[in-house]
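To keep things clear, I will list the structure first and then write my remarks on it.
Below, chains carry the letters A, B, ... as their sequence lines are ordered, and counting in each starts from 1.
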Amino acid sequence: MKRFIITITLMLIHATNLLAQQEKVDVFPAVSYDRFIIFQTLAIFWIGIIGLIIIIKIKLKEIERIQKMGINKEEKDIPLLD
Amino acid sequence: MNCQRLKNWVEERYDVEEIKDFAKKKLVPTHKYEIWYYTGGITLFLFVIQFITGMILSFYYVPHFEHAYKSIIEIVTKLNMGWFFRSLHHWGAQLAIVFLFIHVWSTLLLKSYRKPREFLWFSGFMLLGISIFFGLSGYLLLWDERAFAAVKVATGGAGNLPVIGNFIKAFLRGGIDVTGETLIRFYAFHVSILPLATLFLIGLHILLVQYHGMSVPLSLEKKAHKEIPFFPNLFYKDLIIWLIILGIVVTLATLVPPEIGKKADPLAPAPENIKPEWYFLFLFQTLKLFPGEILGLNGEMIAIILISCGILFFFLIPFFDKKSNRGEKSPLFTWIGIIYFLYFVIMTVFGFVS
């Protein structure tokens, strides 16, 4: 009984610390599975961005190559095939 | 309706070919300083992110002092992806202000404000001011103790302006002190007045850029420089940079979501070591430098007057820099720009560490 009362008293003393602690709002999902999904999605998102950048870069290089060759300009006196 | 029919339908009504032709013919200069051209586009892209995320958040936010804090906690904890959109809105705002500052300083150092682009400078500068007010008004919407104290300090500082100070303070606060009325006013500013002003100024700014064309730095103006088509060359480069910025904003929003403090209590004392948002730190630190009284006058009032004069001078630089307007080099204004920049950076760093 004596041990039980001491345990309860100690627990209550420690519990008072909680009152002094500032309540923190979870601004990010706390569940580890949710966190894993979020980080995984972030990694996939970056892969997508890098892929898009590579595609645009290739397209831009191709456009610049065509512009350098001068075949992008329309000729004024081009014969029409009717 | 298939694609070709839709295309024909539009072409019957609008001269699409002319628009296409204009986009193809529009040329932009290319040189060693061209990287600074992209800062404007990045800011525009971040504004778009802000508008989209802001609209989503406004569906769930309650602009009332008793419910505002709770509604944000519900957005963050209960709403699907709510934490992400709030975080995206926060980081989008931070980066938009960073890039606006970079854009303003690059314009200043490259003397892009010179004749005939004075109105471009004024509209850009006003957009910077509006963005900072966007930040301040958005900060209060959180209604936590830090935001409450920061807005109290900021609006109190505005009250120190002579003659119109008290009117500005009362107008912003909606009364003598920061209360629920202030929250409603800041909400109105944040979701209706400032977005409208921003849209108008962005429209004017883009229109003026189209009218005047891209500015070429003074040192390169007389030299022969290459020009590239805006579409598709520059547009594709813009697209690449926007994708990188989108990646950075999303990463920051995911890894560093902004914290929420304790609910604001108007009767409680301000929390210790209270600091405003980073873009106000240089002002905050400057105010600290001044003693309470100078020659019998209020020190804070003198500080506010000096800061206002400094900002006004910065705003009116196109009128003062006569040499740049004549197409001559003006190292004095380059140094003024560098001094302003160093002052801003040093004071902000001091504000952080002190």
Side-chain angles (χ1 to χ4, degrees), chain A residues 13-82, chain B residues 17 20-21 24-25 27 30 69-70 72-88 90-91 142 144-146 226-229 231-263 271:
Chain A
I13 290 167
H14 280 289
T16 52
N17 291 343
L18 291 170
L19 296 172
Q21 206 174 21
Q22 197 184 322
E23 251 182 72
K24 262 201 156 184
V25 181
D26 275 330
V27 287
F28 190 69
V31 184
S32 55
Y33 178 73
D34 287 349
R35 284 171 180 246
F36 169 73
I37 294 288
I38 288 164
F39 293 135
Q40 192 186 44
T41 314
L42 185 65
I44 295 166
F45 177 75
W46 266 109
I47 292 168
I49 283 190
I50 293 165
L52 273 171
I53 289 171
I54 292 167
I55 292 166
I56 297 169
K57 197 100 186 147
I58 292 167
K59 181 97 179 139
L60 187 64
K61 270 200 168 174
E62 182 62 14
I63 289 164
E64 281 171 348
R65 194 175 68 87
I66 291 168
Q67 283 170 347
K68 235 181 199 172
M69 287 160 75
I71 51 173
N72 59 323
K73 286 170 193 159
E74 282 174 27
E75 280 181 45
K76 276 178 187 167
D77 305 319
I78 195 160
L80 289 167
L81 296 170
D82 285 320
Chain B
E17 278 307 309
K20 274 188 194 169
D21 219 39
K24 273 182 191 167
K25 278 182 185 162
L27 297 171
T30 169
Y69 182 78
K70 200 178 158 224
I72 289 188
I73 289 181
E74 282 187 355
I75 287 171
V76 170
T77 55
K78 290 183 184 168
L79 207 71
N80 196 16
M81 298 289 282
W83 67 271
F84 178 68
F85 284 109
R86 178 181 168 254
S87 194
L88 210 57
H90 169 85
W91 282 108
L142 182 58
D144 74 348
E145 56 182 5
R146 288 196 168 269
K226 265 174 65 184
E227 283 187 321
I228 56 164
F231 193 85
N233 299 47
L234 196 83
F235 178 74
Y236 277 10
K237 284 180 186 173
D238 260 332
L239 221 55
I240 291 172
I241 292 171
W242 291 351
L243 281 169
I244 295 168
I245 294 294
L246 180 69
I248 292 170
V249 181
V250 168
T251 308
L252 283 170
T254 312
L255 302 181
V256 202
E259 294 290 331
I260 301 173
K262 278 204 283 188
K263 188 182 175 181

Output a table of donor-acceptor pairs, distance under 3.5 Å, between side-chain atoms of residues 27-38 of chain A and any protein atom two or more places apart or on a different chain; print 'none' if there are none.
residue, atom, partner, partner atom, Å
A:Arg35, NE, A:Pro29, O, 2.9

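- For residues 241-248 of chain B, heavy-atom neighbours of chain A at less than 4.5 Å comprise B:Leu243, B:Ile244, B:Leu246, B:Gly247, B:Ile248, sorted by residue number.
- The distance from atom CD1 of B:Ile240 to atom CD1 of A:Ile54, rounded to the nearest 0.5 Å, is 10.5 Å.
- Contacts of A:Ile63 with chain B are made by side-chain atoms alone, with heavy-atom separations under 4.5 Å and no backbone atom involved.
- Of the two parts of A:Leu60, the backbone and the side chain both hold a non-hydrogen atom closer than 4.5 Å to a non-hydrogen atom of chain B.
- In this structure, CD in A:Gln67 is found 4.0 Å from CG in B:Asn233, a value given to the nearest 0.5 Å.
- For chain A, the nearby part of B:Pro258 is the backbone; its heavy atoms alone come within less than 4.5 Å.
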Test log, rule side chain to side chain contact (heavy atoms under 4.5 Å, CB included), inputs A:Asp26 and B:Trp83: CA-CA 9 Å; A:Asp26 275 330; B:Trp83 67 271; over 6 Å; no
